[in-house]
Number of protein chains: 2
Amino acid sequence: MSGRSRSRAVSPPRRGAACSVDLVCISREAASLVVLLQHGARRTWRLPSAMLRAGGDLEDAVAALTRTVVGRDIAWRQQAGAVTAGSHPDGAAVSVGYVVIVSSGTAAPPGAAWHGSGELPRSLAARHSAVVGAAVAHVRARTDQSPVAFRLLPPMFTLGELQEVYELLLGRTLHKASFRRALSAARLVEPTDKWRSEGRGRPAQLFRYAPRRRARVARTARFDLLGG
Amino acid sequence: MSGRSRSRAVSPPRRGAACSVDLVCISREAASLVVLLQHGARRTWRLPSAMLRAGGDLEDAVAALTRTVVGRDIAWRQQAGAVTAGSHPDGAAVSVGYVVIVSSGTAAPPGAAWHGSGELPRSLAARHSAVVGAAVAHVRARTDQSPVAFRLLPPMFTLGELQEVYELLLGRTLHKASFRRALSAARLVEPTDKWRSEGRGRPAQLFRYAPRRRARVARTARFDLLGG
DNA sequence: TCAATAGTGTCTGTTAGACATTATGGA
DNA sequence: TCCATAATGTCTAACAGACACTATTGA
């Protein structure tokens, strides 16, 4: 354990660890994933970030940073990776990227704006572009293992919206009947008594995320994503 | 390696990023995943690691570390994550863990030994235990997306051995006929003209990893691993 | 009534899992 | 010969994808 050696932290590196925590807030606008960028120096854009204090904890740092940026902590977050490529606007040698997901429709805080994840501004440092890329890839790769899609949606949503989010994350269209059949079997959502009418057609029923079944393990080995 | 930084227990690195690169070499022995640990100070065990030089690149550092530890670079490697929990034997504030996979049957280099990933020695620092845990979880979670199983095996292997590795990584038994059917459809292996006889039964044909098909995307959304 | 969208029932080809059978060596 | 293990063929239930159909609103 570490209790004893904690005393060693009495004389840790004197100047802060040259390590930053960079926050990638991901949301959705229409058919795009969007990332929250802040105004940086000299008309550049940058990710919200904080230097890690000497002896500081990554999770604590990202929680504090999240509170600063979006006004509240967001429980669900994942580390997207540590990078040294390029240079960091604050001079960090290493940047640790974290992803949080923000419900679509959330307004950007002052001094910040949403940018499409596929069309990042050129003034974004290469380091930060790499972090965003890793974060988006991370989220996409975990679509079927984390409730990412539901975090991108407001608490009540239509099945059409849910399918749109899945199609956005997975990067391909899905078959409507199959999608709903599988969703129903997974018992992840429950209907509400609310309906939403938009434009012409029949109104869509609103659902909420209410997983009722423990995660089921896949039965067989899958080789689909492997290969040459 | 740790020789130079061993002196750190006396006075921590003053300058430079207080960031270490920790290497998790994973291999297989019988029905267990094993991790390569080195002898540390005062009869402890530790992961091979190196302090990141100021301005140094993570990938360069881990490549150099890999050469030092196993005598050669290993092209396939993945970052398992950055952690600050506990304390690092060399005083790093942040440790970035990397995983490489070593073919089973590889002898441990001098001063190191293989340890079962589920029964790590108590003298391993909490920081390093966390890194190992993240690394093993990382590998297991990517079994079906990375050729991890084949890296755990020698160049020629029987289908029974391959299935054993998959069962070890996935943590459950697999159906033999289904496993082979899916493997055949994926065109990942090709038979050799060699056979191996072990004990009583019919000899098993040896195969080699020779992916012939581009990775195929899964067609439908999967909700199996999601939920309550 | 028409157009547009939501939601569902049915059919079919594919596939996973169970089971049985053949193949081939050692004891 | 018997036994143990490899490898494979067949059957069936489950499922994915296609399609068509009904339902319900606004124009």
Side-chain angles (χ1 to χ4, degrees), chain A residues 30-31 143-144 153-154 156-167 170-208 213 216-227, chain B residues 30-31 143-144 153 156-167 170-208 213 215-227:
Chain A
T143 302
D144 60 345
L153 288 167
M156 293 205 299
F157 49 83
T158 70
L159 297 187
E161 290 171 332
L162 181 61
Q163 183 173 342
E164 278 175 29
V165 172
Y166 266 91
E167 291 177 342
L170 298 174
R172 63 176 176 280
T173 61
L174 297 172
H175 188 263
K176 183 167 75 165
S178 292
F179 180 81
R180 293 177 183 214
R181 198 165 31 199
L183 186 65
S184 163
R187 299 181 60 184
L188 288 176
V189 300
E190 66 182 16
T192 67
D193 56 0
K194 302 220 167 37
W195 297 72
R196 178 190 298 159
S197 183
E198 289 179 285
R200 290 260 275 198
R202 169 175 169 177
Q205 190 168 15
L206 294 176
F207 288 74
R208 71 165 62 89
R213 181 179 287 188
R216 192 178 59 170
V217 295
R219 297 164 296 285
T220 191
R222 301 195 67 85
F223 305 104
D224 290 354
L225 302 173
L226 266 176
Chain B
T143 302
D144 59 347
L153 288 166
M156 293 206 297
F157 48 84
T158 69
L159 297 187
E161 289 171 331
L162 181 62
Q163 183 172 342
E164 279 175 29
V165 172
Y166 267 92
E167 291 177 342
L170 298 174
R172 62 175 177 281
T173 60
L174 296 172
H175 188 262
K176 182 166 78 164
S178 293
F179 180 80
R180 294 179 182 212
R181 197 166 29 200
L183 186 64
S184 163
R187 300 182 61 186
L188 288 176
V189 300
E190 66 183 17
T192 68
D193 56 359
K194 302 221 166 38
W195 297 72
R196 179 189 298 160
S197 182
E198 289 179 285
R200 289 259 272 191
R202 171 176 168 177
Q205 190 169 15
L206 293 177
F207 288 74
R208 72 164 62 89
R213 181 180 287 192
R216 192 178 59 170
V217 295
R219 297 163 296 286
T220 191
R222 300 195 67 86
F223 304 104
D224 292 354
L225 301 172
L226 267 176

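The structure displayed is predicted, hence computed values, not measured ones. Protein chains get the first letters and strands the later ones, always in sequence-line order, with residue 1 at the start of each.
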Asker: Rounding to an integer number of Å, can you tell me how far Asp224(A) CG sits from dT15(C) C1'?
Answerer: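 Value for this atom pair: 11 Å.
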Asker: May I have the distance from Phe207(A) (atom CZ) to dA6(C) (atom P), rounded to whole angstrom?
Answerer: 12 Å
Asker: Calculate, to the nearest 0.5 Å, the distance between atoms OG1 and NZ belonging to Thr158(A) and Lys194(A) respectively.
Answerer: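 Between atom OG1 of Thr158(A) and atom NZ of Lys194(A) there are 15.0 Å.
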Asker: CG/Leu159(A) to CZ/Phe179(A) distance, rounded to the nearest 0.5 angstrom?
Answerer: 7.5 Å
Asker: Go through the structure and list residues passing salt bridge (Lys or Arg N to Asp or Glu O under 4.0 Å) with Arg222(B), not counting sequence neighbours.
Answerer: Asp224(B)
Asker: For Leu162(B) and Leu183(B), work out which heavy atoms get closest and say how close.
Answerer: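 Scanning both residues, the minimum pair turns out to be CD2-CD2, 3.6 Å.
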Asker: I want to confirm an ordering. Mapping Leu206(B) and Ala182(A) to their closest nucleotides on DNA chain D, which one lands closer to the 5' end?
Answerer: Leu206(B)
Asker: In chain order, what residues pass the salt bridge (Lys or Arg N to Asp or Glu O under 4.0 Å) check against Arg181(B), with sequence neighbours excluded?
Answerer: none
Asker: At 4.0 Å (heavy atoms only), tell me whether Glu198(A) reaches a base, stays on the sugar-phosphate, or touches nothing.
Answerer: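 If one applies the 4.0 Å heavy-atom cut-off, Glu198(A) turns out to touch nothing in the nucleic acid.
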Asker: Please enumerate all residues that pass salt bridge (Lys or Arg N to Asp or Glu O under 4.0 Å) together with Arg196(B), with sequence neighbours excluded.
Answerer: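 By the salt bridge (Lys or Arg N to Asp or Glu O under 4.0 Å) rule, Arg196(B) matches Glu161(B).
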Asker: To the nearest 0.5 Å, how far apart are OH in Tyr166(B) and OG1 in Thr173(B)?
Answerer: 16.0 Å
Asker: Output side-chain donor-acceptor pairs under 3.5 Å for residues 200-208 of chain B, partner residues at least two apart or in another chain, one line each.
Answerer:
unit_1    : atom_1 : unit_2    : atom_2 : d
Gln205(B) : NE2    : Thr192(B) : O      : 2.9
Arg208(B) : NH1    : Glu190(B) : OE2    : 3.1

Asker: The criterion is side chain to side chain donor-acceptor pair (under 3.5 Å); which residues satisfy it with Glu164(B), sequence neighbours excluded?
Answerer: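 Partners of Glu164(B) by the side chain to side chain donor-acceptor pair (under 3.5 Å) criterion come out as none, since no residue qualifies.
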Asker: End-to-end bend of the helix from dT1(C)-dA27(D) to dA27(C)-dT1(D) (five-pair axes, 10° rounding)?
Answerer: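 End-to-end axis angle for the helix from dT1(C)-dA27(D) to dA27(C)-dT1(D): 10°, rounded to 10°.
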Asker: Produce a footprint string for nucleotides 17-27 of chain C: one letter per nucleotide, 5' end first; B if the base is under 4.0 Å from any protein heavy atom, S if only the sugar-phosphate is, - if neither.
Answerer: BB----BBBBS
Asker: What heavy-atom pair brings Ala221(B) and Ala182(A) nearest, and what distance separates the two atoms?
Answerer: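 Shortest heavy-atom contact: O-CB, 4.5 Å.
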Asker: Please list, in 5' to 3' order, the outermost nucleotides of DNA chain D lying under 4.0 Å from any heavy atom of chain A.
Answerer: dA16(D) to dA27(D)
Asker: Which of residues 157-165 of chain B sit near DNA chain C, with a heavy atom under 4.0 Å from it?
Answerer: none
